[in-house]
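By convention here, the first residue in the shown sequence is residue 1. This structure is a prediction, so every number in the text was calculated from the model and none was measured.
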Amino acid sequence: MPESTLTSSRDNESDQASIDFYRHVVKTLTEERLPFLVGGAYAFTFYTGISRHSKDFDIFIRREDYARISDALKKVGYTTDLAYPHWLAKIHLNGDYVDIIFSSGNGVADVDPTWFDHAPEADVLDMRVKLCPAEEMIWSKAFVMERERYDGADVAHLFRACGNQIDWSHLLRRFGEKWRVLFSHMILFGLIFPDHRHVIPNDIMEELIERLQREMRTDAACSDVCGGTLLSREQYLIDLERWGYRDGRLGHMSEVDIARWTEAINKPH
């Protein structure tokens, strides 16, 4: 799609200060040769053509690079706030902010070197940058099923726009034992865009159908885990508190991080 659309969501004079802020952050990291990827609304526009007016700018980094990136930004006058140590830091400036993301809110989708291996390049705000790959965007968005936010439509639009180019085997590996999450989006896609359902390869769909059939032929696993917390940090708290289920995020997040992320439910992040 035309790269010019990547600036279409921030194209009036009132947004110029925000754009200058984002550009300066990108310029700083680029000059310091620090690895990062642009995600969020700009990457989503690149892949789907759907523009959104956003008051933030998302960059994705490896967690081990955070200290160096924070130091580089401090040298040019910014302060980074490690808001949620398991996945998110922020840079604030006059009501705008840049999100520095190194995982997902549920701790599943860690940014690793593979994100960078197949990242496409594009012009964002008139600067050449690498974008989050479509597969990794799908991986992280697929788990967002809160009452106030559901990213299923984003996943469906990414399937529709990129399905013929997606590395489906790689995407399936990303989900691992949580393949049901991907499968659920694939099934709904056939309802949402029946004229595009062919973009999902038959062999991938058949593989997941076979996995489901194998499970149906075996006894249900004995488990006291509620995996719903991987999808919503709020809506399954009752299952933990009243019925004694173990949190499905343990192993991806520490108890301290879970408590901090739970306390922030009613706070903007």
Side-chain angles (χ1 to χ4, degrees), residues 6-7 9-10 13-46 52-117 119-133 136-137 140 233 252-254 256-269:
L6 296 180
T7 60
S9 62
R10 309 300 301 259
E13 292 183 4
S14 64
D15 288 325
Q16 190 58 50
S18 302
I19 292 173
D20 291 344
F21 170 40
Y22 303 156
R23 281 177 52 83
H24 190 226
V25 169
V26 169
K27 182 173 182 289
T28 299
L29 299 185
T30 301
E31 289 180 347
E32 293 293 325
R33 299 192 177 187
L34 293 166
F36 70 95
L37 303 169
V38 173
Y42 289 92
F44 188 69
T45 297
F46 173 82
R52 293 172 176 166
H53 191 284
S54 176
K55 290 295 288 182
D56 67 339
F57 187 78
D58 294 344
I59 63 172
F60 288 71
I61 68 167
R62 296 176 302 177
R63 182 64 177 83
E64 57 264 35
D65 292 328
Y66 174 69
R68 291 192 300 143
I69 285 172
S70 179
D71 288 344
L73 293 169
K74 285 178 183 177
K75 288 178 183 178
V76 295
Y78 297 119
T79 299
T80 60
D81 169 25
L82 191 56
Y84 302 102
H86 74 285
W87 80 286
L88 176 69
K90 288 180 175 287
I91 314 167
H92 298 268
L93 182 70
N94 300 327
D96 291 310
Y97 54 91
V98 172
D99 281 342
I100 303 175
I101 300 167
F102 36 86
S103 187
S104 52
N106 62 6
V108 169
D110 289 336
V111 178
D112 60 25
T114 304
W115 288 60
F116 294 82
D117 291 343
E121 290 191 354
D123 290 330
V124 174
L125 305 177
D126 298 321
M127 305 182 76
R128 198 69 178 173
V129 298
K130 288 187 174 183
L131 302 179
C132 290
E136 275 66 31
M137 289 190 71
S140 57
R233 61 176 168 167
H252 300 287
M253 299 170 61
S254 70
V256 171
D257 286 331
I258 288 173
R260 184 171 185 171
W261 190 224
T262 301
E263 289 173 1
I265 284 173
N266 295 317
K267 300 176 184 178
H269 66 274

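In this structure a side-chain-to-backbone donor-acceptor pair under 3.5 Å is present from W261 to G105. Side-chain N or O atoms of D112 include one that pairs as donor or acceptor with a backbone N or O of T114 at under 3.5 Å. Proximity of a side-chain donor or acceptor of R260 to a complementary backbone N or O of A83 within less than 3.5 Å is detected. Distance alone, capped at 3.5 Å, is enough to place a donor-acceptor pair between the N106 side chain and the V108 backbone.
Taking 4.5 Å as the limit, some side-chain heavy atom of V25 sits within range of a side-chain heavy atom of L73. A heavy-atom distance below 4.5 Å is found between the side chains of Y66 and T80. Between Y78 and H24 the shortest side-chain heavy-atom distance falls below 4.5 Å. Looking at W87 and M253, their side chains never come closer than 4.5 Å, going by heavy atoms from C-beta outward. L37 is listed as a side-chain neighbour of P133, based on a closest heavy-atom distance under 4.5 Å. Considering only heavy atoms from C-beta on, L131 stays 4.5 Å or farther from Y42 through its side chain.
Under the rule for a side-chain contact (heavy atoms from CB on, under 4.5 Å), the partners of T262 that lie at least two apart in sequence or sit in another chain are L237, R249, I258, I265.
For G39 against C132, the heavy-atom pair with the smallest separation is CA-SG, 3.8 Å. For the residue pair P35 and I69, the shortest heavy atom distance occurs at O-CD1, 3.9 Å. Residues G107 and H252 come closest through the heavy atom pair O-CB, 3.6 Å. Counting all heavy atoms, side chain and backbone alike, M137 lies closest to A43 at SD-CB, 3.7 Å.
Rounding to the nearest 0.5 Å places CG of D56 at 6.5 Å from NZ of K90. If you take OG on S103 and CZ on R62, they are separated by 14.5 Å, rounding to the nearest 0.5 Å. The CD1 atom of I91 sits 5.5 Å away from atom CD1 of I59, with the distance rounded to the nearest 0.5 Å. Between atom CZ of residue F102 and atom CH2 of residue W115 there is a gap of 12.5 Å, rounded to the nearest 0.5 Å. If you take CD1 on I100 and CZ on F57, they are separated by 11.5 Å, rounding to the nearest 0.5 Å. Distance check, rounded to the nearest 0.5 Å: CG of D58 to OH of Y22 gives 9.0 Å.
Remark: the S254 side chain and the D257 side chain contain an N/O donor-acceptor pair separated by less than 3.5 Å.
None of V26, T30, D123 except one satisfies the side chain to side chain contact (heavy atoms under 4.5 Å, CB included) rule with R128; the exception is D123.
Ring orientation note: the planes of Y97 and H92 are tilted relative to one another, at an angle of 30° to 60°.
By the 4.0 Å N-to-carboxylate-O rule, R68 lies close enough to D65 to be salt-bridged with it.
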